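All values below come from the heavy atoms of this structure, side chains included, with hydrogens, waters and symmetry mates left out. Atoms within each ligand, like the ligands themselves, are counted from 1 in listed order. Only a predicted model underlies this, so the values are computations on that prediction, with no experimental measurement involved.
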Amino acid sequence: MTANLLDFDAEGLTAWFAEQGEKPFRARQVLRWIHRSGVADFADMTDIARSLREKLTAEAVVAPPKVVSDKLSDDGTRKFLIDVGNGNAVETVFIPEDNRGTLCVSTQAGCALDCAFCATGKQGFNRNLTVAEIIGQVWLANKALGAVHGDERAISNVVLMGMGEPLANFENSVIALKLMLDDNAYGLSRRRVTVSTSGLVPVMDRLRDECPVALAVSLHAPNDRLRDELVPINRKYPLKELMAACQRYLDKAPRDFITFEYIMLDGINDSDAHARELLALVKTVYCKFNLIPFNPFPGSPFKRSPAERVRRFADVLMQAGIVTTTRKTRGDDIDAACGQLAGQVKDKTRRVAGRIISLQEARA
Ligand code: SAH
Ligand code: SF4
């Protein structure tokens, strides 16, 4: 069977080369061609012996997923819609800021965890993305941003914060993370690669042990009663366990804080009393807060908290000494904002639109 070399990190590629009777340094060379130079055609890998190039052409491919559309927002945010087969697509969003460029990457088509405010969750679970589909988003964006040759790379940070729950696709996400960190691939520091999780407690421990990177936890509620409703995985891993897992994570984390993401839902979780309850909850975890104004979608039962409410909520946290930022809504003119829809789906099989959309609609 033809191998897709985008599915391998350094270890996997070395093993595959060994099966072909090739030396580890050849694997390293090819890894650099693929990821550092963005080359997909073996014929262009000029310092590789012709015989090996021919063998690779016969046995393997470098096949990224297909880009269905590529939109640029007025604020510079760029959204790629990626074909994941069976008429479905996921999104990758590049967010340029003054001193960094962040790529927001998807790890699953759909999501099984069904958070009440999330369009992806409402969609249900389709499937895990392959390693080639996850790292392929970085590969494609790097190329599209013209940032492949030389060190002026536009992508300085990657967040696994797109569609899906990265820790529910752990093996593939970790192989992709290892490529992001590998000096022969994207060479990003562990502090600049962030996994966002809704709180799969046992898998947080695995991530800490196998590939510690910066961690963001989608908290969204200060008590189990409310979190059980908003983030149903809380019924399995309640807040006490989640906070303990955060503490354990910090033992080995590349950053000395956890980022708590907190979606601001009007009249639901956004009062001063909620903020004070949060302070009590997180007092044993060194953390920062990132408040996310809710992005509505058709049929969603929530409203975004007013800006003044978000500011007051942030004040309560900051007065207690917790660094708190409010996420700016970026790229909403091209539907690229956090949690925002990629498009309306009136597909027969899908009742609620999410960040997974039918290609037919995407092309329309
Ligand atoms: N599954 C992971 C990562 C993907 S979701 C997680 O839940 O953390 C990335 C972030 O987008 C999460 O913090 C999630 O809560 C947030 N999000 C989901 N739906 C949203 C919406 N409608 N508006 C704003 N943020 C949303
Ligand atoms: Fe899944 Fe994250 Fe959406 Fe929850 S917020 S349904 S975990 S993608």
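- Short contacts between ligand 1 and G162, defined as distances under 4.0 Å to a heavy atom of the residue, involve ligand atoms 4 (C), 5 (S).
- A heavy-atom separation below 4.0 Å is found between G164 and ligand 2.
- Shown in contact with S198 at under 4.0 Å from a heavy atom are these atoms of ligand 2, numbered in order with element: 7 (S).
- Distance check, rounded to the nearest 0.5 Å: CG of L200 to CG of L167 gives 5.5 Å.
- By heavy-atom distance, the residue among I263, V195, L265 lying nearest atom 25 (N) of ligand 1 is I263.
- Ring geometry, Y186 versus H35: the interplanar angle exceeds 60°, so the pair is classed perpendicular (tilted spans 30 to 60°).
- Looking only at distances, no side-chain donor or acceptor of S51 sits under 3.5 Å from a matching main-chain atom of A49.
- Taking 4.0 Å as the cut-off between side-chain N and carboxylate O, K55 and E22 count as a salt-bridged pair.
- Near S198, the atoms of ligand 1 lying under 4.0 angstrom from a non-hydrogen atom of the residue are 6 (C), 7 (O), 8 (O).
- Side chain to side chain, W33 and D44 fail the donor-acceptor criterion of an N or O pair below 3.5 Å.
- Each of the following atoms of ligand 1 lies closer than 4.0 Å to a heavy atom of C118: 18 (C), 19 (N).
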Show which side-chain atoms of residues 105-113 pair as donor or acceptor with protein atoms under 3.5 Å away, not counting sequence neighbours.
| unit_1 | atom_1 | unit_2 | atom_2 | d |
| --- | --- | --- | --- | --- |
| S106 | OG | E91 | O | 2.7 |
| S106 | OG | M163 | N | 2.9 |
| Q108 | OE1 | E165 | N | 2.8 |
| Q108 | NE2 | N128 | OD1 | 2.8 |

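- Annotation for ligand 2: atoms under 4.0 Å from non-hydrogen atoms of G121 are 6 (S).
- Residue F117 has at least one heavy-atom neighbour below 4.0 Å for each of these atoms of ligand 1: 15 (O), 18 (C), 19 (N), 20 (C), 21 (C), 22 (N).
- The nearest non-hydrogen atom to atom 7 (O) of ligand 1, considering only S218, S196, P293, comes from S218.
- Around atom 10 (C) of ligand 1, the closest heavy atom drawn from M163, M264, K122, E261 belongs to E261.
- Residue contacts with ligand 1: F294 is placed with no nitrogen or oxygen under 3.5 Å of a nitrogen or oxygen of the ligand (distance criterion only).
- Remark: ligand 2 atoms within the under-4.0 Å shell around heavy atoms of D114 are 6 (S).
- Between K122 and D114, at least one side-chain N (NZ, or NE/NH1/NH2) sits under 4.0 Å from a carboxylate O, which counts as a salt bridge.
- Using a distance-only test at 3.5 Å, with no hydrogens or angles considered, a donor-acceptor pair links the side chain of N169 to the main chain of L129.
- Side-chain N/O atoms of R36 and N184 include no donor and acceptor closer than 3.5 Å.
- If you check the side chains of R26 and Q29, you find a donor sitting under 3.5 Å from an acceptor.
- With distances taken over non-hydrogen atoms, the option nearest atom 1 (N) of ligand 1 out of G164, G199, G121 is G164.
- Look at C115 and atom 4 (Fe) of ligand 2: an N/O/S atom of the residue is under 2.8 Å from the metal.
- The proximity of I292 to ligand 1, defined as any non-hydrogen pair under 4.0 Å, is limited to the side chain.
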